[in-house]
Protein chains: 2
Amino acid sequence: MMFSKACEYGIRAAVYVTLQSLEGRRVSVGEIGEEIDAPVAFTAKILQQLTRNNIIHSVKGLHGGFEIERVDMDNVKLNMIVKAIDGDKIYTGCGLGLKECNAQKPCPLHDKFLDIRTDLRNMLESTSLFELANGLEVGLTYLKR
Amino acid sequence: MMFSKACEYGIRAAVYVTLQSLEGRRVSVGEIGEEIDAPVAFTAKILQQLTRNNIIHSVKGLHGGFEIERVDMDNVKLNMIVKAIDGDKIYTGCGLGLKECNAQKPCPLHDKFLDIRTDLRNMLESTSLFELANGLEVGLTYLKR
DNA sequence: ATAAATTAGGATAAAATTGTCCTTTATTGG
DNA sequence: CCAATAAAGGACAATTTTATCCTAATTTAT
């Protein structure tokens with residue numbers, strides 16, 4: 001409702017990779033798709049985007065898979081994933097769909113939207129993969145169903 | 001980015017109808033499409049949904065068109081339009097796309113999303129068509145471009 | 001009554017998003 | 001070197017959303 005399906009899968013996949021990397025395990029697309037309940041081939045495309053954007057790291061071949069460095073778990077914030085997949089329309093786009101909507105020429109909802117979007121932006125910019133994987137690890141949150 | 005295109009057009013159309021009804025003018029789909037810069041036939045479908053939901057009122061035939069009662073300009077809040085067009089997934093849907101995501105079985109982003117969504121909801125529930133049409137009337141805001 | 005204007009509604013078409021399948025490339029172990 | 005495994009990537013298919021077109025129904029004025 002806020003992100004595209006691709007972006008939803010992307011965040012869930014990245015969080016799962018983080019969780020497993022914390023345990024020192026590299027994971028395959030197949031396992032990821034299974035564990036986040038997402039179509040495997042489609043998830044593969046999204047993982048490609050994430051690796052191209054240096055958000056996670058991929059290794060080909062036997063014993064290959066996806067992983068993420070410990071530092072990156074802290075450094076990668078959700079806004080980076082959203083930007084890599086959905087672009088920055090979530091920040092720049094007008095709530096009512098005007099092509100150019102800004103303080104000089106605002107749509108009727110401009111100011112009210114700005115408030116909410118700023119909150120959203122702050123949330124995305126301050127939430128790391130590590131933080132999200134932690135909740136999962138202790139069984140407080142879920143990535144499926 | 002938050003609403004569907006249909007919903008964006010719907011809100012813009014409803015605000016335009018409100019603005020014109022304030023002047024006592026009934027407006028045609030053609031004029032609406034023109035003035036909010038939206039595809040006419042598509043806008044017509046959306047206006048149908050709004051009339052079926054008693055949000056605006058339509059009159060067929062010569063000198064017909066769309067209008068809205070003075071009381072309804074205050075009573076109709078944005079959430080009613082969003083609900084009529086996009087349903088209530090904006091309120092109930094999970095930010096990460098889980099089928100069931102709630103306090104008992106939350107996704108990793110559940111709480112953070114809840115805050116933002118509550119703000120959004122409050123905003124939509126408290127913003128009336130009259131309020132939005134007013135900004136337009138005094139030239140502070142725009143529905144095109 | 002008739003013609004003109006206008007919404008309602010059905011049938012399609014186009015575009016975008018989501019999803020699948022198959023081949024290629026890289027890596028590892030034997 | 002060879003076989004097995006896994007990601008990368010291209011081509012295509014299905015679905016959903018957006019958009020168009022045409023006809024029917026309704027109302028008004030003459």
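Hydrogens, waters and symmetry mates are skipped; everything else that's a heavy atom, side chains included, is used. Chain A is the first sequence line, chain B the second, and so forth, proteins listed ahead of strands; every chain is numbered from 1. The model shown is predicted, which means the values in this text are computed figures rather than measured ones.
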* May I ask you to say whether R25(B) pairs ionically with E31(B), meaning some side-chain N is under 4.0 Å from a carboxylate O? => yes
* Structure fact -> Note: for Y9(A) and K60(A) on DNA chain C, the residue whose nearest nucleotide lies more 5' is Y9(A)
* Structure fact -> Min and max contacting nt of DNA chain C in 5' to 3' order, chain A heavy atoms within under 4.0 angstrom, are dT18(C) to dG29(C)
* Tell me, with the steps shown, if D115(B) and D119(A) meet side-chain contact (heavy atoms from CB on, under 4.5 Å). => CA-CA 9 Å; D115(B) 292 343; D119(A) 291 345; over 6 Å; no
* **Nucleic acid contacts - residues 22-36 of chain A versus DNA chain D, non-hydrogen atoms under 4.0 Å** => V27(A), S28(A), V29(A)
* **Euclidean distance, atom CD of residue Q49(A) to atom P of dA8(D) [Å, nearest integer]** => 12 Å
* Asked: Nearest-Å distance, CG (L47(B)) to C1' (dT18(D))?
  -> 15 Å
* To do: Say whether S4(A) and D86(A), considering side chains only, have a donor N or O and an acceptor N or O under 3.5 Å apart.
  => yes
* To do: To the nearest Å, give me how far apart NE2 (H57(A)) and C1' (dA7(D)) are.
  => 12 Å
* **Whether R12(A) side chain and I32(A) backbone form a donor-acceptor pair below 3.5 Å** => no
* Interatomic spacing from CG in L78(B) to CG in L109(A) - rounded to 0.5 Å -> 5.5 Å
* To do: Rounded off to whole Å, could you give me the CD1-to-P distance for the I46(A) and dA7(D) pair?
  => 14 Å
* Asked: CD1 of I56(A) versus P of dA6(D): gap in Å, rounded?
  -> 16 Å
* **Minimum side-chain heavy-atom gap I81(B)-F3(B) below 4.5 Å** => no
* To do: Determine whether the side chains of T127(B) and K77(B) contain a donor N or O and an acceptor N or O closer than 3.5 Å.
  => no
* **F42(B) CZ - dT17(D) P separation (whole Å)** => 10 Å
* Asked: Can a salt bridge be assigned to the pair K112(B) and E131(A) using a cut-off of 4.0 Å between side-chain N and carboxylate O?
  -> yes
* Figure out the NZ/C1' separation between K5(B) and dA19(D), and round it to whole Å. => 12 Å
* Asked: Does dG9(D) have OP1 or OP2 sitting under 4.0 Å from an N or O in the side chain of Q48(A)?
  -> yes
* Asked: Taking NZ from K45(B) and C1' from dA19(D), how many angstroms apart are they, rounded to a whole number?
  -> 10 Å
* Identify whether the distance between the nearest side-chain nitrogen and carboxylate oxygen of K99(B) and D37(A) falls below 4.0 Å. => yes
* Asked: Phosphate oxygens OP1/OP2 of dG9(D): is one of them under 4.0 Å from a side-chain N or O of R52(A)?
  -> yes
